[in-house]
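Just below is one structure, and these are the notes that go with it.
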Amino acid sequence: MTNSHERELLGRRMPDIALRATTGDTLSLRELTVNPTVVFFYPKTGDPGKPDSAAWTAIPGARGCTAETCSFRDLRRDFEELGWNIVGCSSQTSEYQTEASTRLHLPYPLLSDTELALADILGLPTFEFDGFRLFRRITLLLHDCQIVGVVDPGDDPTGHVEEVLKTVRAIAVPA
């Protein structure tokens with residue numbers, strides 16, 4: 001994401017949208033992001049036992065969503081010690097995400113935005129693949145329902161999470 005897009009997102013308020021979560025609940029993004037929260041957007045986690053297609057791996061930044069999701073899981077305690085929650089979001093169905101959450105032992109919720117409402121409202125990056133519109137990977141840092149940081153994952157899904165943690169450490173939010 002370019003710096004101009006970052007500037008466009010910084011300071012924006014999270015819309016009052018509720019999305020289905022892997023917890024089985026419908027969660028309000030406004031309520032979730034009152035406290036410091038990392039919301040990472042990703043196209044899709046992989047299908048177990050099914051390798052990525054050559055067409056998928058050719059898309060810059062598309063590969064690595066499962067690795068990124070697991071890296072957030074593995075560093076969750078570091079974020080929590082700093083007072084930050086973690087939430088993932090994709091356009092996959094809640095049923096698909098629930099399977100992935102269980103399989104990957106995720107301690108945080110994944111949100112299902114099948115209509116890509118957040119992409120449309122906030123201007124988040126998307127792309128088309130196999131007739132589906134998907135989120136491009138991007139991470140928003142929110143506090144008091146406001147975007148206080150944007151981190152572009154580039155092509156390094158696991159290193160990206162370290163970069164998010166470094167950015168979180170640099171953001172001063174009131175306790």
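Only heavy atoms go into these numbers, but all of them, side chains included; no hydrogens, no water, no symmetry mates.
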**Item:** Heavy-atom pair with the smallest gap, counting every atom of Ala21 and Pro109
**Value:** CB-CB, 4.4 Å
**Asked** Quick one: do Tyr96 and Leu27 end up in the same hydrophobic cluster if we chain Ile, Leu, Val, Met, Phe, Trp and Tyr together by side-chain heavy atoms under 4.5 Å apart?
**Response** no
**Asked** Are the charged groups of Glu99 and Arg103 less than 4.0 angstrom apart, N to O?
**Response** yes
**Prompt:** When you check the gap from the basic side-chain N to the acidic O, do Glu80 and Arg76 get nearer than 4.0 Å?
**Reply:** yes
**Item:** Interatomic distance, Leu82 atom CG to Ile171 atom CD1 [nearest 0.5 angstrom]
**Value:** 10.5 Å
**Prompt:** Going by the ring pair (Phe, Tyr, Trp, His ring centres under 6.0 Å) test, which pairs reach into residues 106-139, not counting sequence neighbours?
**Reply:** Phe40-Tyr108, Phe41-Phe135, Trp56-Phe127, Trp56-Phe129
**Joint cluster assignment, Ile138 & Ile121, ILVMFWY side-chain distance < 4.5 Å** = yes
**Asked** Taking all non-hydrogen atoms of both residues, which atom of Ser112 and which atom of Ser94 are closest, and how far apart?
**Response** OG-N, 3.4 Å
**Message:** How long is the straight-line distance from CZ of Arg12 back to CD of Gln146, given to the nearest 0.5 Å?
**Reply:** 11.0 Å
**Complete:** The residue among Val38, Val164, Val161 that forms side chain to side chain contact (heavy atoms under 4.5 Å, CB included) with Val151 is Val164
**Message:** One pair to check against side chain to side chain contact (heavy atoms under 4.5 Å, CB included): Leu141 and Trp84. What are the steps and the verdict?
**Reply:** CA-CA 9 Å; Leu141 308 176; Trp84 287 73; 3.8 Å; yes
**Request:** Go through the steps for Glu128 and Leu134 under the test side chain to side chain contact (heavy atoms under 4.5 Å, CB included), then give the verdict.
**Result:** CA-CA 6 Å; Glu128 300 280 332; Leu134 305 168; over 6 Å; no
**Message:** I need the Leu110 CG to Leu19 CG distance, nearest 0.5 Å.
**Reply:** 12.0 Å
**Asked** Would Ser90 and Gln97 count as having a side-chain donor-acceptor pair, cut-off 3.5 Å?
**Response** yes
**Item:** Steps toward side chain to side chain contact (heavy atoms under 4.5 Å, CB included) verdict (Thr37, His143)
**Value:** CA-CA 6 Å; Thr37 304; His143 181 254; over 6 Å; no
**Message:** My understanding is that only one of Thr23, Leu29, Leu118 makes a side chain to side chain contact (heavy atoms under 4.5 Å, CB included) with Leu111; could you say which?
**Reply:** Leu29
**Request:** Considering non-hydrogen atoms only, spot the tightest contact between Arg133 and Thr126 and give its length.
**Result:** NE-OG1, 3.2 Å
**Derivation of the side chain to side chain contact (heavy atoms under 4.5 Å, CB included) call for Val34 and Leu142** = CA-CA 8 Å; Val34 167; Leu142 293 114; over 6 Å; no
**Asked** Are any non-hydrogen side-chain atoms of Pro43 and Arg137 less than 4.5 angstrom apart?
**Response** yes
**Request:** Kindly compute the distance separating CD1 (Ile86) from OG1 (Thr69), expressed to the nearest 0.5 Å.
**Result:** 10.5 Å
**Message:** Ignoring hydrogens, what is the shortest heavy-atom contact between Leu122 and Arg13? Give both atom names and the distance.
**Reply:** CD2-O, 4.0 Å
**Leu140 side chain near Leu124 side chain, heavy-atom distance below 4.5 Å** = yes
**Complete:** One should read off an interatomic distance between Asn85 CG and Thr33 OG1, to the nearest 0.5 angstrom, of 10.0 Å
**Message:** When you compare the side chains of Thr139 and His160, does any donor N or O come within less than 3.5 Å of an acceptor on the partner?
**Reply:** yes
**Fill in**
So salt bridge (Lys or Arg N to Asp or Glu O under 4.0 Å) across residues 16-45, not counting sequence neighbours, yields none
**Message:** More than 12 heavy atoms of other residues, nucleotides or ligands under 6.0 Å from CD of Glu115: yes or no?
**Reply:** no
**Item:** Flag side-chain contact, heavy atom, 4.5 Å: Leu104 against Cys70
**Value:** yes
**Gap separating the CG atom of Leu165 from the CG atom of Leu75, nearest 0.5 angstrom** = 6.0 Å
**Message:** If the condition is salt bridge (Lys or Arg N to Asp or Glu O under 4.0 Å), which residues does Asp78 pass it with, not counting sequence neighbours?
**Reply:** none
